[in-house]
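All remarks here apply to the structure that follows.
Residue numbers start from 1 in every chain, and the chains themselves are labelled A, B, ... in the order their sequence lines are given, proteins ahead of strands. Everything numeric here is computed off the predicted structure, so don't read it as measured data.
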Amino acid sequence: MAIKPLKVQGNLQSPPLDQRSRDLRRLVIDALDGGGRGHIGSSMSLIEIVRVLYDDVLEFRPGEPDWPDRDRCILSKGHGCLALYAVLADKGFFAKEVLKSFCKQDSFLGGHPERGKVPGVEASTGALGHGLSIAVGMALAARLQKRDRRHFVVLGDGEINEGSVWEAAMSASKHQLSSLTAIVDYNKLQSYGPTAEVMDLEPLADKWRSFGFSVAEVDGHNVDDLRSTLGALPFDKQKPSAVIAHTVKGKGIPFAENDATWHHKSRLPDEQIAALYQALEDE
Amino acid sequence: MRKACLQSVYELAKKDPRIVFIGSDLGPGTLDDFKAEMPERFFMEGVAEQNVIGMAAGLAMEGFIPYVNTIASFLTRRCYEQLAIDLCLHNLPVRLIGNGGGLVYAPLGPTHLAIEDIAIMRALPRMTVVAPSDAEQMKQFMVETPDWPGPVYIRLGKGGDPVVSRPEDGFEIGKAIALRPAAEVALITTGVMVNRALAAADQLKADGIDCGVLNVHTIKPLDREAVLETAREARILLTLEEHTTTGGLGSAVLETLSDGLEQPWPVIRRLGIPDVFPGEYGSQDSMMESFGLQPPQIAETVHQILSETPLSKAS
């Protein structure tokens with residue numbers, strides 16, 4: 001397919017968030033409220049990516065999370081787990097009420113997702129730069145087992161500072177793993193500040209291309225755009241694919257958008273939680 | 001030992017379709033037979049240890065049993081977080097074969113020595129740590145590996161090490177082997193130090209001193225009962241390791257004794273490499289000599305302790 005290059009600087013001109021995107025964000029705030037903490041900015045930028053993956057792209061069975069033929073999806077930026085938990089709960093992998101137990105002592109929903117604890121989570125992530133290599137192994141396994149499934153890895157922009165990501169990228173390309181797609185949540189803010197200042201990633205699409213990936217860029221909050229791009233995978237039958245999703249950190253919460261201080265928040269007072277819910281009403 | 005180990009991987013893989021081999025950037029010709037006969041299960045993935053371990057984890061999550069091979073220092077230190085998170089946290093059956101454990105790469109200098117590998121590997125929950133004494137023991141051990149749960153670190157010696165294991169002892173992961181029965185002087189050791197312990201015991205025997213020799217081929221899980229039993233019989237107990245005395249076999253033994261040995265305790269000495277980066281080159285043997293780990297030196301250390309602490313029999 002012809003992939004339209006997307007040059008995005010500053011705020012995206014995304015369409016307004018629809019009801020479903022706002023509902024999922026409310027679930028994120030439910031968990032934040034329960035745990036009193038969380039990587040809010042990093043999760044809000046991810047919502048449309050995981051929404052479209054689970055609504056329109058992935059094959060899975062919520063009642064049978066280990067169904068062998070499911071597509072594999074790894075949230076390599078494990079700190080964005082609130083977005084994943086919201087979607088998994090919405091899909092029925094576990095009850096929405098469980099979100100309230102986020103980070104509590106006996107909960108299975110920790111501050112980073114764990115395989116074997118959270119139904120639907122394929123790998124324990126949180127230490128950055130691990131997911132793509134694991135997915136390379138899974139994709140090689142699928143080839144050996146002649147299973148026709150796909151593998152998705154969602155990476156953070158700060159995360160891809162890690163050299164291990166690029167080791168994995170070389171390996172995916174060497175093995176021509178067209179069943180593998182890396183999606184970068186490119187919100188352009190890492191923990192300390194702008195990626196352009198902390199560790200500039202540009203030219204990012206060219207980097208992935210030069211590592212042997214077929215690359216598309218999308219507006220990561222435009223659901224139609226995400227659907228059509230992810231629906232066109234693989235972009236090349238001989239190559240792994242990379243989707244650079246241009247996003248806004250804290251998307252949907254105007255006072256948190258593009259603000260590095262909202263990367264992670266703890267000890268959120270009730271009035272701030274109320275303000276987060278209210279912001280979604282106003283959106 | 002390395003040859004025996006890799007040959008075992010090949011033999012096991014022929015019978016077990018779950019087994020895959022992943023090397024980093026090994027020497028030309030490595031496992032050519034494996035590659036020729038089972039090319040789809042043979043991977044050579046370049047100088048990228050982090051990816052190698054993550055990839056092995058992904059394969060293991062899907063039901064495969066990856067045997068990963070590279071130089072021990074890089075297999076343990078370079079990708080430590082991948083070992084901890086990808087393998088141990090997920091409890092995956094990946095087998096890590098580390099070439100040149102200890103001082104094997106002495107001429108290549110400190111970048112290539114693996115003298116803290118046992119310490120850092122045994123610190124990881126769920127990691128099994130095994131250092132066979134010779135090629136024959138390696139073969140006995142390898143047949144036990146496919147179905148052992150969780151990750152395993154396998155420390156290889158240089159190759160050509162004298163065969164001191166006995167077929168009749170068999171091999172069970174986690175079960176130490178008393179090569180000489182427990183006595184008032186006890187040597188607890190692992191890996192290629194086993195042959196040096198036996199040579200030292202022979203020399204001491206000639207001097208009229210009986211020495212027990214316990215081959216702790218599995219450092220983790222440690223055979224607690226065998227270690228305690230040996231210590232209960234001993235008046236003098238030495239641990240011998242081609243490894244730093246910080247966190248290795250000697251430390252593991254002390255931890256076990258501290259948790260379970262009644263008074264009175266034997267005199268205990270840990271022989272190994274002090275807390276340094278060795279500053280010389282030479283050979284594995286010459287470096288061992290520098291650290292007092294050759295048989296005559298071990299015997300001399302025992303004599304010295306005896307001169308300060310006579311055995312009950314002698315007193």
Toward chain A: residues of residues 70-98 of chain B with heavy atoms under 4.5 Å: B:E81, B:Q82, B:I85, B:D86, B:L89, B:H90
Other residues, nucleotides, ligands: >12 heavy atoms within 6.0 Å of A:K104 NZ: yes
Pairwise salt bridge (charged side-chain N to carboxylate O under 4.0 Å, His left out) hits with a residue in residues 34-46 of chain B, at least two apart: A:K174-B:E45
Inter-chain contacts: residues 9-23 of chain B against chain A, heavy atoms under 4.5 Å: B:V20
Within-4.5 Å side-chain heavy-atom neighbours: B:F43 and A:L140: yes
side-chain hydrogen bond (donor to acceptor under 3.5 Å, both in side chains) contacts in which one or both residues fall within residues 132-146 of chain A, not counting sequence neighbours: A:S133-B:N51
Which portion of A:A168 sits near chain B, non-hydrogen atoms under 4.5 angstrom: both
Which portion of A:H151 sits near chain B, non-hydrogen atoms under 4.5 angstrom: neither
Residues, nucleotides or ligands: over 12 heavy atoms within 6.0 Å of B:D275 CG: no
Portion of A:A123 that has a non-hydrogen atom of chain B nearer than 4.5 angstrom: both
When A:E122, A:R149, A:M170 are compared by non-hydrogen pairs under 4.5 Å with chain B, the top option: A:R149
Within 6.0 angstrom of A:D206 CG, more than 12 heavy atoms from elsewhere: yes
Atom NZ of B:K175: over 12 foreign heavy atoms under 6.0 Å: no
Structural part of A:R147 lying under 4.5 Å from a heavy atom of chain B: neither
Chain B interface, residue from A:E162, A:E114, A:E167 that has the most non-hydrogen pairs under 4.5 Å: A:E167
B:M61 vs A:I134 side-chain heavy atoms within contact, under 4.5 Å: yes
